[in-house]
Amino acid sequence: MNSPTTGLPTRLRGGRFINAGAMLAGLLLAALAQPCMAQQSSEAGPITPSAAQADASLHKGGTLRLVASASGGTLDPQINYGARFVNLFANVYDGLTAFRKVAGPAGAQIVPDLAENIPTPTDGGLTYSFTLRPGLRFSNGQSVSVQDVRASFQRLFKVASPTAGAFYGTIAGADACLNTPATCTLEKGVEIDPAQRRITFHLTRPDTEFMHKLAFIHAVILPASSPAHDTGNTPLPGTGPYQLETYDPATRLELGRNPYFQPWNPQAQPAGFPDRITYSFGIPDETAVTAIENNQYDWMADPIPLDRLGEIGSRFTSRTHVMPHPAIYFLSMNMHEPPFTELAARQAVNYALNRKALVILYGGPGIARPLCGMVPTSLPASDIGCDYTLGASPENPAPQWRGPDLERARALVRTSGTTGQKVTLITANTSTDIAMGTWLRDMLESIGYKASVRPLNGNIAFPYMQNTDNHVQIGLTGWAADYPSPSNFLDALLGCENFHPHSDSSINLPGFCDKQTQDLMERARSDTALTDEARNAIWRQVNEHVMALSPMAPAFETESVILTSERVKHFIYTTINQVLFSQVWLH
């Protein structure tokens, strides 16, 4: 899922003082990383009904207070693709399946949620049959039916969900729905049997990750009466332990308990401990850190600013958590806007990018590492070598990143015939992103462009980059895994089906579409005869093809740094949804 950062700017520039502070912060946080992960794992085993009931008597109650510099956009769970709200929606909505809500690697396991079972696919991987649990209710009291399930998948296409084609395009009838969303029926793709509470999906071709996609937030089940358009600031009923109550994007979002929630599978959706969850907006990242240190808020959505990392790592050790999460930062270059219509110009940016400098500006080696491909190293298919570094090329990659090659970058700019062109870099307006954006502007100037940086509110930066009508040339953003697979970085960000001109839901930011690369991705997704090793080898090829064509310049991979208040206990960090808000104990 996309995880662009947001916040209000403070002045942060490169230099000796910033570099030294970043290194100190990185060392402090690196020292924290192992103990925090070990502590979390020991607290976060499977939650059984008896354990949940016993814990509730001791730890239930209170209000969890979240804070961010800006809101997360629309409340529509089938449209929103930002981590700020998607992770929150995991406590409000459910799909037929879910990722297991526990810490550690087990959090990537698929478990039944609104469905009673995890089916074994039949017909060579083309048919999946689920049975809906009885007695389920939405937060408005309405019973959940198989008709709601089918309508929810129809709605994915009617509202032009960002993942409609990428994740659910193999459902029979999806092509017609993508072409004419208003008349989408999926009549042959989602078959229902109300008497048996059965839902059967029919695919046009196998999809080895279909179960993961059903567990993603966009496949949540909503009432069939839900409007066939983006509901914006109006919440929709869900089935989870909390319901969205009031929302003002400028100031606040409030969640209360869902009065109709009853735990049916605690591994998929455990009962919540806090009575309420509030989310305050408009608080700059620097102010938010101070407020959490003073226990005025419990958790912040924005990255910890660089100049505060050493402080929290030394003074608030027990409340600072450094957690692993597959996430990357990268530069996206629009292949349909000059100068990046030219391969040489895109390769020049890759050669010029000083990944170590950006790591330092982000917070240091304790929480970030240079990255040469589009897949984080915690996932398969990341081991492709480094094409764009000193003494290397796509034909002769280096084993690791050695440093930028500015001379080669300048030569490529000259070769491309784009020297002197104006280039505007889009970033989010957090202090961290502005610091990196300022450095990147200077880098672009140094290789021959007339460059400027344009920070935007984090609530709109990523949608703005997606829409071709805005003619964005280059942007700095981040991306975190929807589920742990190379496809979620390669196919999701660069698949032909994810480029939608004139739309804010076009996650293929460069407009990349290469037939050879696409054919490889299709095979990796659909060939059920492949071993895991063979499938990963294909994704590795995809990664190599992408880097040779340079639609993006990967910068670094990150860890999550989380500061909590003294009140927060039972901190559980999941592989997919990060902090599990429903399980926090407030003391």
Side-chain angles (χ1 to χ4, degrees), residues 1-4 6 66-95 138-140 142 148 151-165 167-168 177-178 181-182 184 216-240 242-256 258 276-283 301-302 428-429 456-470 482 500-507 581:
M1 91 200 45
N2 173 53
S3 54
T6 57
L66 316 179
V67 63
S69 59
S71 74
T74 177
L75 288 186
D76 196 316
Q78 292 192 311
I79 293 178
N80 197 306
Y81 209 179
R84 183 150 303 185
F85 277 3
V86 165
N87 294 334
L88 186 69
F89 290 163
N91 305 272
V92 178
Y93 298 101
D94 296 276
F138 292 108
S139 56
N140 62 1
Q142 176 185 330
D148 296 313
S152 295
F153 282 89
Q154 293 168 344
R155 186 177 186 273
L156 278 168
F157 296 92
K158 291 180 178 180
V159 301
S161 173
T163 56
F167 280 17
Y168 313 106
C177 290
L178 289 167
C184 178
F216 183 59
I217 194 69
H218 288 166
V220 296
I221 307 306
L222 304 170
S225 58
S226 300
H229 59 75
D230 185 347
T231 58
N233 298 344
T234 303
L236 290 168
T239 50
Y242 297 95
Q243 59 180 336
L244 301 168
E245 294 183 345
T246 59
Y247 182 42
D248 178 351
T251 59
R252 193 172 181 85
L253 172 64
E254 296 193 13
L255 291 78
N258 171 3
R276 298 189 64 77
I277 301 174
T278 63
Y279 215 147
S280 298
F281 309 126
I283 311 299
D302 298 285
N429 66 351
L456 298 176
N457 184 290
N459 193 26
I460 65 171
F462 190 68
Y464 186 87
M465 292 181 203
Q466 293 181 74
N467 197 320
T468 56
D469 294 343
N470 297 321
D482 298 326
H500 308 291
H502 318 295
S503 167
D504 285 355
S505 297
S506 182
I507 55 177
F581 299 122

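Numbers here are sequence positions counted from 1. Hydrogens, waters and symmetry mates play no part in the numbers below; they use all other heavy atoms, side chains included.
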Run the side chain to side chain donor-acceptor pair (under 3.5 Å) test against E254 and tell me which residues pass, sequence neighbours left out.
R252, R276

Under the ring-ring contact (aromatic ring centres under 6.0 Å, His included) test, residues paired with F167 that sit two or more places apart
F216, Y483

Looking at N91 and L88, would you say the former's side chain and the latter's main chain have a donor-acceptor pair under 3.5 Å?
yes

Which atom pairs, donor and acceptor, lie under 3.5 Å between side-chain atoms of residues 222-232 and protein residues at least two apart or in another chain?
unit_1: S226; atom_1: OG; unit_2: P223; atom_2: O; d: 2.8
unit_1: D230; atom_1: OD1; unit_2: T74; atom_2: OG1; d: 2.6
unit_1: D230; atom_1: OD1; unit_2: G232; atom_2: N; d: 2.8
unit_1: T231; atom_1: OG1; unit_2: T234; atom_2: O; d: 3.1

Looking at L236, is its backbone amide N or carbonyl O close enough to the side chain of Y93 to form a donor-acceptor pair, meaning the two atoms are under 3.5 Å apart?
yes

Name the orientation class of the two ring planes belonging to F85 and F89 (parallel below 30°, tilted from 30 to 60°, perpendicular beyond 60°).
tilted

Could you tell me whether the side chains of Y168 and S161 share a donor-acceptor contact shorter than 3.5 Å?
no

Mind checking side chain to side chain donor-acceptor pair (under 3.5 Å) for S139 and listing every partner two or more places apart, or none if nothing turns up?
none

Is a side-chain donor or acceptor of R84 paired with a backbone partner of A70 at a separation under 3.5 angstrom?
yes

Side chain to side chain donor-acceptor pair (under 3.5 Å) partners for D248, two or more places apart
T251

Within the 3.5 Å criterion, strictly below it, is a donor on N429 or N457 matched to an acceptor on the partner's side chain?
no

Test of understanding: with side chain to side chain donor-acceptor pair (under 3.5 Å), list the residues that count as partners of N258, not counting sequence neighbours.
none

